[in-house]
Number of protein chains: 4
Amino acid sequence: MGIRIPVFFRDLMSRIMTKPLAREERKKQLLDAAITCFGQKGYHATQISDIIETAGVARGTFYLYFQGKREIFDYVMTELFGQVQKEIKTIPKEALSEIPNQIRGNIKRVLTLLMNNPLLAKILMSESVGLDEELDSRLRTFYNHILNYIRRGLNQGQEMGFVREGHIEIMAVSLLGCMKEVLYQHLLGTEKATPDEMTEEIYRMVIGAVQKQ
Amino acid sequence: MGIRIPVFFRDLMSRIMTKPLAREERKKQLLDAAITCFGQKGYHATQISDIIETAGVARGTFYLYFQGKREIFDYVMTELFGQVQKEIKTIPKEALSEIPNQIRGNIKRVLTLLMNNPLLAKILMSESVGLDEELDSRLRTFYNHILNYIRRGLNQGQEMGFVREGHIEIMAVSLLGCMKEVLYQHLLGTEKATPDEMTEEIYRMVIGAVQKQ
Amino acid sequence: MGIRIPVFFRDLMSRIMTKPLAREERKKQLLDAAITCFGQKGYHATQISDIIETAGVARGTFYLYFQGKREIFDYVMTELFGQVQKEIKTIPKEALSEIPNQIRGNIKRVLTLLMNNPLLAKILMSESVGLDEELDSRLRTFYNHILNYIRRGLNQGQEMGFVREGHIEIMAVSLLGCMKEVLYQHLLGTEKATPDEMTEEIYRMVIGAVQKQ
Amino acid sequence: MGIRIPVFFRDLMSRIMTKPLAREERKKQLLDAAITCFGQKGYHATQISDIIETAGVARGTFYLYFQGKREIFDYVMTELFGQVQKEIKTIPKEALSEIPNQIRGNIKRVLTLLMNNPLLAKILMSESVGLDEELDSRLRTFYNHILNYIRRGLNQGQEMGFVREGHIEIMAVSLLGCMKEVLYQHLLGTEKATPDEMTEEIYRMVIGAVQKQ
DNA sequence: AATGAATGAGGGTTCATTCAT
DNA sequence: GATGAATGAACCCTCATTCAT
């Protein structure tokens, strides 16, 4: 299985020339490989072999950094959640006139991030429901963060008189759904619009859906 | 020898009338078991053992009716697609004043169906992306049917002057997303509203999102 | 699986028009089907399904006539052994001048039989060694019959002064091998000669191999 | 850090010199086990469990070295073919007076090899016809090699005036059959002669069968 | 006698994880 | 720290045989 000499050479080189990778670096290397693999094939279809091949690391090494497949998937999720959340900025209360642009900005940043990281998007959209209880709850938590952000916006809007009365909860969920679905169909290849088009249209939908008449 | 004709008659009857029925019944029994299992655990985590235990048949029996796990999953998908599509009714052009109620009706029927069949909903929401190409395309087809329905409605609305101008495609996808997400969060347990509340709120979102000012 | 009405019709017809097949006829029908199948695919690759399909009989019916796969294979072997042995005629002692023709005749009859029944030949040549001890011994017995015939011929020949001295046993086995191998290569498609050519050449080999100088 | 170079050196040495060897050893160990099992029970009756038990390795280990049952059987066949072919030596044209001894030598070497390796012999004699097309053709190829050798010998003999005219093809096949059958009956336990006796007798048959009067 | 749906033991293969070097 | 050969539980599927009708 495979060519032996190159392995030896790679090894030889790495032993002579480089100090062992710092623990965090090596972990990141594996994490990146895992994101690639999970994104391409999904959790179940991804094998440890895929990850270590992508990372260029021996089988045993993997288990020096992660307890197993489930754990690295956990780490992947956490990493991705973090990336998305970084893009969402709370709208400051005082910048009243700026609200439309802020909302637009948030929508656009998240869409752009996800459209540029299809793997990330794919994992967020499609995986993990039903994998097991613990992961489901992690996903729930993630979307709750986002929903909270939307809820706060809607409440604020109501106070300020922009947003019509109504079931805030359902409104928030619906708005989240708009964005997820546009993204999802984009992943499926159904939808070919640009981030700007998508942002603008979603913005108009969102505004229309919740504004006072 | 004995009395031959009666035996033959009973047999004839049973062959024409009952046996094929029995076959379909048994198949349905397995299909139901599969829906239950896939709904609870997802495709990958579901084992043939789960399905046959749930159905209460022997291992070999399963393979008399389905070629394997993939095939029964296909059947399950087809079945579920059919159930959802049955609930969607095309709105007749002439009943102009009836349009709001018709839309409400469609939303409510689909939501009710899916809320009463959480397994069905779960499968539609969460499975199969990334499972494999063939199944992905089946899901794509399904949602395309629904999207077509929504697109037609939006186009009609534009002609009639109800619906504002805009990127029909993204609008349609967004509306689908609203409904899917409300349902999905309901499944996750985040959202506890009743079908009526959900229907009403979604209806208002949808109308607001697309109507002319 | 399959068209139901025709089955019913076939059945109906057979019930109304024919009396149930006599036990021996039905058994023969199954045996013929089995010879066909074993000949085409070998013992292991032949499934009960193949046999009953070929025979046009239901699964359960098979077990009314044979205890199982092994038993019908036993019957097949016995049947084939019988056919071959029928073709071999002992050469009468007195017909001294007739010996060459008698030998030629035996060789030709057996070759012709086997070349016209490739299934029979294939089974005799290739199957059953290693299947299990009992079958092995049956095969051994069969070839012993033939070897006995050859041994007797050689002994007689020695008494009469035609056949050189030597290890009769090995000579007999070798002669059997000549014929088996020519037949076997014929089955494999290597050898395309006619029965007459083969008979003549084998006869010359046999004679040359054992005759006194 | 510690002393790095020695570790690296030991490792380097072991990678280049010992590890690959170990791999081949393990493969050989499995191959030997497979030869034993296939020889004793035949292809179909041999289970992977038999092979790994005989080899004393775990189930998964088997699949590190072979893709499956079919592949290891292929390897076994190749191995055995090689062993037999090694024993056959082409007779040099010039050594005219040596021909008888050379033929005797070939016959004896092959017989001895096969009589000392009953498993090898059993596989060559009895397996694989009808197993599947690919393996059949492999066997055909093997015997063709041997037949070619015999054909060449006969042609040479005709040119030199030793061998009578006749259908070379059938003569060659017959001679092969002599040897195969003697061996086969030896395996079945019918024939108890020593290699020397068998060699001598076969030699005389062969010579008698083909020589000019 | 005939049917064919149902059975379930058994076999081949996969793959996450371990551990000696 | 790094390696990768070894492990074995787990899973899918087949097919000879049974038995209620």
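Residue numbers start from 1 in every chain, and the chains themselves are labelled A, B, ... in the order their sequence lines are given, proteins ahead of strands.
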Seminar exercise, completed: Against the side chain of B/Thr61, the closest entry in E/dA6, F/dC13, E/dG4 is E/dA6
Exercise. For D/Phe66 and E/dT14, what is the distance between atoms CZ and C1' respectively, to the nearest whole Å?
Worked result: 18 Å
For this session: Let me know, please, whether D/Ile48 or A/Gly60 comes out on the 5' side of the other along DNA chain E by nearest nucleotide.
Result: D/Ile48
For this session: Take C/Thr61 and C/Arg26, measure what side chain to side chain donor-acceptor pair (under 3.5 Å) needs, and give me the verdict at the end.
Result: CA-CA 9 Å; C/Thr61 305; C/Arg26 169 100 344 147; 5.3 Å; no
Exercise. Atom CD1 of D/Ile52 to atom P of E/dG11: distance rounded to whole Å?
Worked result: 12 Å
Seminar exercise, completed: Shortest non-hydrogen pair, A/Phe62 vs A/Ile52, comes out as CB-CG2, 3.8 Å
Exercise. Does the side chain of B/Tyr65 get closer than 4.0 angstrom to OP1 or OP2 of E/dA6 through an N or O atom?
Worked result: yes
Problem set entry | Who pairs with E/dA1 - Watson-Crick or G-U, where each distance is under 3.5 Å | none
Exercise. Of the candidate nucleotides F/dG8, F/dC15, F/dC13, which contains the atom at the shortest distance from the side chain of B/Tyr63?
Worked result: F/dC13
Exercise. Counting any heavy atom closer than 4.0 Å, what does C/Leu64 reach on the DNA or RNA strands: base, sugar-phosphate only, or nothing?
Worked result: base
Problem set entry | Any donor-acceptor N/O pair, D/Lys27 side chain to D/Phe66 backbone, under 3.5 Å | no
Exercise. Rounded to whole angstroms, how far apart are CZ on B/Arg23 and P on F/dT21?
Worked result: 19 Å
Seminar exercise, completed: Here the distance between atom P of E/dT3 and atom CG of C/Leu30, to the nearest Å, is 10 Å
Exercise. Heavy atoms under 4.0 Å, any strand shown: does A/Gly68 hit a base, just sugar-phosphate, or nothing?
Worked result: sugar-phosphate
Exercise. What's the CD-C1' distance between A/Glu71 and E/dA16, to the nearest Å?
Worked result: 14 Å
Exercise. Please give, in whole Å, the distance from E/dC15 C1' to A/Tyr43 OH?
Worked result: 12 Å
Exercise. Closest heavy-atom contact between B/Ile51 and B/Ala33?
Worked result: O-CB, 3.6 Å
Exercise. Are OP1 or OP2 of E/dA6 and a side-chain N or O of B/Arg26 less than 4.0 angstrom apart?
Worked result: yes
Seminar exercise, completed: Of the candidates E/dG4, F/dT3, E/dT7, the side chain of C/Ala58 sits closest to E/dG4
Problem set entry | Distance (rounded to the nearest 0.5 Å) between D/His44 NE2 and C/Tyr43 OH | 11.0 Å
Exercise. Hey, which of these two, B/Phe62 or D/Gln47, hits DNA chain E nearer its 5' end, going by closest nucleotide?
Worked result: B/Phe62
Problem set entry | Comparing C/Ser49 and B/Ser49 on DNA chain F - which has the more 5′ nearest nucleotide | B/Ser49
Problem set entry | For F/dG8, the Watson-Crick or wobble counterpart (both distances under 3.5 Å) | E/dC15
Problem set entry | C/Lys69 side chain, from C-beta outward: closest of E/dG8, F/dA16, E/dT3 | F/dA16
Exercise. Which comes earlier along DNA chain F counting from the 5' end, the contact point of B/Thr46 or that of D/Gly56, where each point is its nearest nucleotide?
Worked result: D/Gly56
Exercise. What's the CD1-C1' distance between C/Ile72 and F/dT17, to the nearest Å?
Worked result: 14 Å
Problem set entry | Phosphate-side-chain proximity, A/Arg59 and E/dT17, N/O vs OP1/OP2 below 4.0 Å | no
Exercise. So what's E/dT21 paired with, Watson-Crick or G-U wobble, going by both distances under 3.5 Å?
Worked result: F/dA2
Exercise. Once you round it to whole Å, what is the distance between P of E/dA16 and CZ of A/Phe73?
Worked result: 14 Å
Exercise. Can you check whether A/Glu25 reaches A/Lys28 side chain to side chain, under 4.5 Å on heavy atoms?
Worked result: no
